[in-house]
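Notes for the one structure printed next.
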2 protein chains.
Amino acid sequence: MNVLVVYAHPEGNSFNAALKEKTVSILGGTGNKVAVSDLNEMDFKPALDTRDFLELENPASVNYLMEQRNASAKGLFAPDIKAEQEKVTKADLVVIHFPVWWFSAPAILKGWFDRVLAAGFAWDFGKIYKDGLLPGKKGMLVVTTGGNAQIYSKDGLHGTDMDQVLYHINHGVLYFCGMRVLPPFVAYSAFQVGDEGRRRYLEEYEARLKKIDSLEPIRYP
Amino acid sequence: MNVLVVYAHPEGNSFNAALKEKTVSILGGTGNKVAVSDLNEMDFKPALDTRDFLELENPASVNYLMEQRNASAKGLFAPDIKAEQEKVTKADLVVIHFPVWWFSAPAILKGWFDRVLAAGFAWDFGKIYKDGLLPGKKGMLVVTTGGNAQIYSKDGLHGTDMDQVLYHINHGVLYFCGMRVLPPFVAYSAFQVGDEGRRRYLEEYEARLKKIDSLEPIRYP
């Protein structure tokens with residue numbers, strides 16, 4: 001199995017980094033090939049613009065979406081995008097590690113979605129969800145939060161639960177591109193649970209990784 | 001009234017740009033002061049890192065959130081963040097214009113949330129929602145989509161409606177910081193509705209702007 005780890009935390013001493021190391025060591029330890037995109041380390045460019053293409057189809061009136069489709073057809077993506085797309089193409093499993101900031105992904109990871117999962121590469125007009133361009137792959141989010149599990153509920157402070165918080169990525173990005181989506185691993189209150197709490201999270205996550213082949217994807221209607 | 005327009009579309013010929021121009025001309029035409037942050041034009045830095053602070057409290061083991069609190073207390077934000085925070089502080093109304101990409105904001109706008117709406121400035125421990133640090137301000141999202149209104153529904157292709165799609169920004173960012181949230185203006189299928197459809201959207205939006213003082217904020221439980 002080829003595994004792509006996309007990791008978006010700026011701090012190497014974070015618990016997010018420890019979870020990412022688990023993914024690399026456990027999945028890599030059983031004969032899989034593991035590639036890691038450490039977006040902060042790579043200084044990955046988050047904002048999209050015309051520099052994302054070696055050549056423009058319509059420089060006089062740029063439409064980024066149309067330029068993505070053109071670049072997909074003719075191999076005109078900038079090298080940093082092309083390199084990431086090649087990793088995605090090879091991957092059977094994409095594990096995405098990030099801290100939940102503002103109920104979503106860090107900007108640098110959002111930029112990876114915006115630029116790498118391009119029209120014509122990951123999806124296209126009429127080619128979404130079941131007909132998405134990345135079928136046969138699985139995706140899984142591994143996230144840390146500041147807040148505890150109780151406040152992430154319909155009746156809790158945030159007025160929404162983690163399934164809804166992550167829906168715009170699980171359903172809106174991964175499933176949209178045709179991937180099967182494994183249940184996310186969520187480490188709530190990663191900072192406040194203390195060393196013992198974090199040790200337990202790592203154990204739970206290791207157990208999860210060891211049975212990853214048998215995990216049932218989320219069933220969307 | 002002081003208005004801050006935060007605008008995140010890379011293409012000056014986009015319909016998003018036309019809506020933004022309406023905000024500037026209509027709200028600016030009635031004696032309000034309007035400031036515009038055109039994030040792409042500014043080449044706004046989306047990814048957060050230690051360069052966001054003039055000085056670090058704990059350089060040996062950086063925790064970004066703690067550095068934000070320290071910078072808020074001591075005035076240590078990098079100039080680009082400080083300039084944006086000053087605009088937010090002055091604003092009575094913040095209008096945020098963006099295209100919905102991957103069911104969320106473009107990376108460059110997500111970076112504005114991550115970096116500008118810092119701990120100690122826009123919120124703090126125990127200072128969220130009703131106790132958020134930006135009370136007395138109103139916020140409003142103005143968005144364009146590729147897809148039509150029908151597919152944004154619980155029973156539609158996306159399996160979710162626009163209120164849910166925008167919840168992580170309306171509730172999770174604006175309301176979280178203590179702002180009152182005006183109903184979003186959504187221009188569905190901005191590309192496909194044609195000139196006539198876009199003209200109608202602009203008319204509707206202009207009418208909305210003209211009664212903005214009397215618009216009722218969203219009531220969250």
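Residue numbering restarts at 1 for every chain, and letters A, B, ... go by the order of the sequence lines.
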Please say whether more than 12 non-hydrogen atoms of neighbouring residues, nucleotides or ligands are located less than 6.0 Å from [atom1] in [X].
{"X": "A:Asp195", "atom1": "CG", "value": "no"}
{"X": "B:Lys154", "atom1": "NZ", "value": "yes"}
{"X": "B:Lys82", "atom1": "NZ", "value": "no"}
{"X": "B:Lys127", "atom1": "NZ", "value": "no"}
{"X": "B:Glu196", "atom1": "CD", "value": "yes"}

Measure distances from [X] to the heavy atoms of chain A and classify the residue's part below 4.5 Å as side chain, backbone, both or neither.
{"X": "B:Leu117", "result": "both"}
{"X": "B:Thr50", "result": "neither"}
{"X": "B:Tyr220", "result": "neither"}
{"X": "B:Val62", "result": "both"}
{"X": "B:Pro10", "result": "side chain"}

Segment of [X] engaging chain B (4.5 angstrom heavy-atom cut-off):
{"X": "A:Ser14", "result": "neither"}
{"X": "A:Val173", "result": "both"}
{"X": "A:Phe44", "result": "neither"}

Whether the side chain of [X] engages the backbone of [Y] through a donor-acceptor N/O pair (distance < 3.5 Å, no angle test) should be reported.
{"X": "A:Lys110", "Y": "B:Ala105", "answer": "yes"}
{"X": "A:Trp102", "Y": "B:Phe113", "answer": "yes"}
{"X": "A:Asp114", "Y": "B:Trp101", "answer": "no"}

Which one wins on heavy-atom pair count under 4.5 Å against chain A: [options]?
{"options": "B:Trp112, B:Tyr175, B:Tyr64", "value": "B:Tyr64"}
{"options": "B:Gly12, B:Ala47, B:Ala107", "value": "B:Ala107"}
{"options": "B:Leu109, B:Asn63, B:Leu65, B:Asp155", "value": "B:Asn63"}

Could you report the tightest heavy-atom contact between [X] and [Y], atom names first, then the distance?
{"X": "B:His171", "Y": "A:His158", "value": "CE1-O, 3.2 Å"}
{"X": "B:Leu48", "Y": "A:Asn40", "value": "O-OD1, 4.3 Å"}
{"X": "A:Asp43", "Y": "B:Arg51", "value": "OD1-NH2, 4.5 Å"}
{"X": "A:Leu157", "Y": "B:Ile128", "value": "CD2-CD1, 3.7 Å"}

Does the side chain of A:Ser61 come within less than 4.5 Å of B:Asn13's, by heavy atoms?
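The answer is yes, as the side chains (C-beta and beyond) meet within the 4.5 Å cut-off.
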
So A:Phe103 and B:Phe176, do their side chains get closer than 4.5 Å, heavy atoms only?
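Yes, their side chains come closer than 4.5 Å.
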
Would you give the length of the straight line joining atom OG of B:Ser104 to atom CD1 of A:Ile169, rounded to the nearest 0.5 angstrom?
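Taking OG in B:Ser104 and CD1 in A:Ile169, the distance rounds to 7.5 Å.
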
Measure the spacing between CZ of B:Phe191 and CE of A:Met66 and express it to the nearest 0.5 Å.
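Between atom CZ of B:Phe191 and atom CE of A:Met66 there are 4.5 Å.
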
Could you label the plane-to-plane angle of the B:His168 and A:His168 rings as parallel, tilted or perpendicular, counting under 30° as parallel and over 60° as perpendicular?
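B:His168 and A:His168: parallel rings.
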
